[in-house]
Structures are given as structure tokens and as C-alpha cells.
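Written out below as C-alpha cells is the structure these notes cover.
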Amino acid sequence: MKVTVRVPATTANLGPGFDCFGMALPIYNEVTIEETVMPGTGIEISILSENQEEIDIMSIPTDKENIVYKAVELLYNSIGQIPSELKITIKSDIPIAKGLGSSASVIVGGLVAANELLGRPADEAALLSIATEVEGHPDNVTPAIVGGVVIASQEEDGSVVYRKLNWPDEWKIMVCVPDYELPTDIARSVIPKEIPFKDAAFNLRRSAMLVHAISTKDEELMRFSLTDKLHQPYRMKIVPGLGEIINNLKHENDVLGCVLSGAGPAVIVITKGNNQERIKDIVKNTWSDLNVKSDIHILKVEEQGAIVLK
Ligand code: HSE
């Protein structure tokens, strides 16, 4: 038996909501799991590019250390089974190591596909909890599973509490992807273990206001809310262009905010109105001045989370 699951990309944090806010985006990975007779270890993991060619990404293990396998193993273990004889194929359209939830998407894809193969023993809560355990934080895996814009929290018992927010249709998401990579573990390592109390209070105010701004389509409050003192200031040093882009966009009327996408290096610009091309040019030229090439996409929120294709 063989199951394929399509999972959206995600952007996390949305500025002040570190490890809490997340949003699904219409770029997708597909994960296929097939129960089959395999030689050797009993598992085979392949990663395919958009045009179906196998890609060899040195940083991604293709043995039992692979995060997809780990997630699938936890699911099997939760019902007292051990996975064996699995062929896992990942068709990857979500850029890797850019802060767009590519690892969350494959964890979720593997889990949902394995759950389907096993006759759906895990409910949404169990899938959220296993996916978060493997990923380490809930802000990418939650929208990858349920779609939309979410606020999510991992509790001490491993469960995940989340709520969806209604994102205003007229607010577009400009996803700006530079041509350099930044692995999440490096981007997390530059954040200090402790931060000043006043910075924590700053983020508390901003993230509370962000929820209100989204829920009430309050553009003025949105502009005020999309700022952060917990991670962006530290990551700016390893994300060339981020500070310059924020600075160059700060007087643009149609820009509601500009933040790092997850751990970066992609940047998310929230916009309204018809000035998209001008804003796109500002971002492209800012990176270009630093010899960085970029791809920029103007997207809407993906309301659909992971779906079983066949
Ligand atoms: N909240 C996580 C971080 C997202 O900022 O490290 C990683 O994609």
C-alpha cells in the first residue's frame, strides 16, 4: 500500500510571536510512504526536486536519523509497533533551509501518510504532539497540519494547544527568498539563553497587539505590532540584508510590516494595496546591492493543511 500527502510551506514567528505564531503558504512538498519489501535496513529515503530528479542534500540524512523516519517511528511506537520495510519519497518544492518550514512539512507529510497506512490510529492532537516533539517547536508543524494562521503552544505534557486567526483577505504575503541558506539550528544558536526582562515585556505587548490587529483588520496596529526583540536583533547579524530591507521599506505606505520568516533567511513582507511591484523591487535591489540574488512570491494564506492525495 502507498499513500501520498501534500503539505504546505509555513512561515513562523510573524515578528514578535517567537515559537508561537505560524501561517501556511501555498507552496507544497509531497511525501509518499510505501510499505514494501526492502533490502538492507528496510528503509529507503529519496528526495526529489520539482522535476522529479533525485537530489543529494548532504545535510539531510537518508537513514533512520532522518526526521521523517523519526516521526513515523514515534507514531508506530505509540501503537506498540515498529516500522519496517518502508520506502519514503519526498518531492520537494519548498526551498530548504530558508525559513519556510520545509522540515516541518516533511515531518507532517510522513506522519499523516503513516497514519493513513496504519488505519488512522492518531487523531489531530496526537499528530500535533508527535510532530512538535520531532520539530522542537509547534509554530511550523501546526499550520502545516491544520492550515491557516495559528497561534500554538506546546505544553509540558507534550500536547499542543492552538487557535486559528482569520487573516484579512486584502493583506498579501510577500515571501522574499535570498539565494543563501541558513540552517535552523545555527539560527537558533545565536539567540541568547536569557534575555532582558524589558525585551520580554516588549514582545508580550507586541504579540498581544498582533492578535488584535489581525482579528480586527487594524492596519495601524499591525504596523506597530510587527516588531521583535527576542530573535530578530540577534539573527540580523547572520541574515545579510534583513536590517537594510526593514529600513528601506519603513516609509512605504502599503507595507504593514517586514519580518524574518521563521529562523530565516527568507523575509516576509505584509502588504496591502497595489504597490506590490515597487515593494518587490525595493527588496530585490536591497539584496542585489549586497550581491544576493532573490526570488520573490506574492502569496495568500493557504487555509488547507496537510491533505492525503492518494
Ligand atoms: N520559531 C522557530 C525559530 C521557527 O524562530 O527558530 C523555525 O522555523
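FYI, the numbering just counts along the sequence from 1. These numbers come from a predicted model, not from an experiment. In each ligand, atom 1 is the first atom listed, and ligand 1 is the first ligand listed.
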**Q.** Protein residue, atom and distance nearest to atom 7 (C) of ligand 1, heavy-atom basis
**A.** H137 CE1, 3.5 Å
Q) What's the spacing between K87 NZ and E34 CD if we round to 0.5 Å? A) 6.0 Å
(Q) List ligand 1 atoms under 4.0 Å from R188, heavy atoms only on the residue side. (A) 1 (N), 2 (C), 3 (C), 6 (O)
Q: Measure from the side-chain N and O atoms of D179 to the backbone N and O of S294, and report whether any donor-acceptor pair falls under 3.5 Å.
A: no
**Q.** Ligand-residue contact atoms, ligand 1 with D19, heavy atoms, under 4.0 Å
**A.** 1 (N), 2 (C), 3 (C)
Solution key, residues 142-152 side-chain donor-acceptor pairs under 3.5 Å, sequence neighbours excluded:
| residue | atom | partner | partner atom | Å |
| --- | --- | --- | --- | --- |
| T142 | OG1 | P138 | O | 2.6 |

Q) Numbering the atoms of ligand 1 from 1, which are under 4.0 Å from a heavy atom of N140? A) 4 (C), 7 (C), 8 (O)
(Q) Please determine whether any non-hydrogen atom of K98 lies less than 4.0 Å from an atom of ligand 1. (A) no
Q: Check the side chains of D218 and T216 for a donor-acceptor pair under 3.5 angstrom, ignoring hydrogens and angles.
A: no
Q) Relative to the heavy atoms of A263, which atoms of ligand 1 are at a distance of less than 4.0 Å? A) 5 (O), 6 (O), 7 (C), 8 (O)
Q. Which option, Q232, H231, E135, R235, owns the non-hydrogen atom nearest atom 5 (O) of ligand 1?
A. R235
Q) Near D139, which atoms of ligand 1 are under 4.0 Å from a heavy atom of that residue? A) 1 (N), 2 (C), 4 (C)
**Q.** Shortest non-hydrogen contact from L75 toward N115
**A.** CD2-N, 3.4 Å
Q. Is there a donor-acceptor pair under 3.5 Å between the side chain of Q81 and the backbone N or O of S78?
A. no
Under 3.5 Å donor-acceptor pairs involving side-chain atoms of residues 10-26, not counting sequence neighbours:
| residue | atom | partner | partner atom | Å |
| --- | --- | --- | --- | --- |
| T10 | OG1 | N140 | ND2 | 3.0 |
| T11 | OG1 | S261 | OG | 2.7 |
| N13 | OD1 | D19 | N | 3.0 |
| N13 | ND2 | G262 | O | 3.2 |
| D19 | OD1 | R188 | NH1 | 3.1 |
| D19 | OD2 | R188 | NH2 | 2.8 |

Q) With atoms numbered from 1 as shown, which atoms in ligand 1 lie under 4.0 angstrom from a non-hydrogen atom of F18? A) 3 (C), 5 (O), 6 (O)
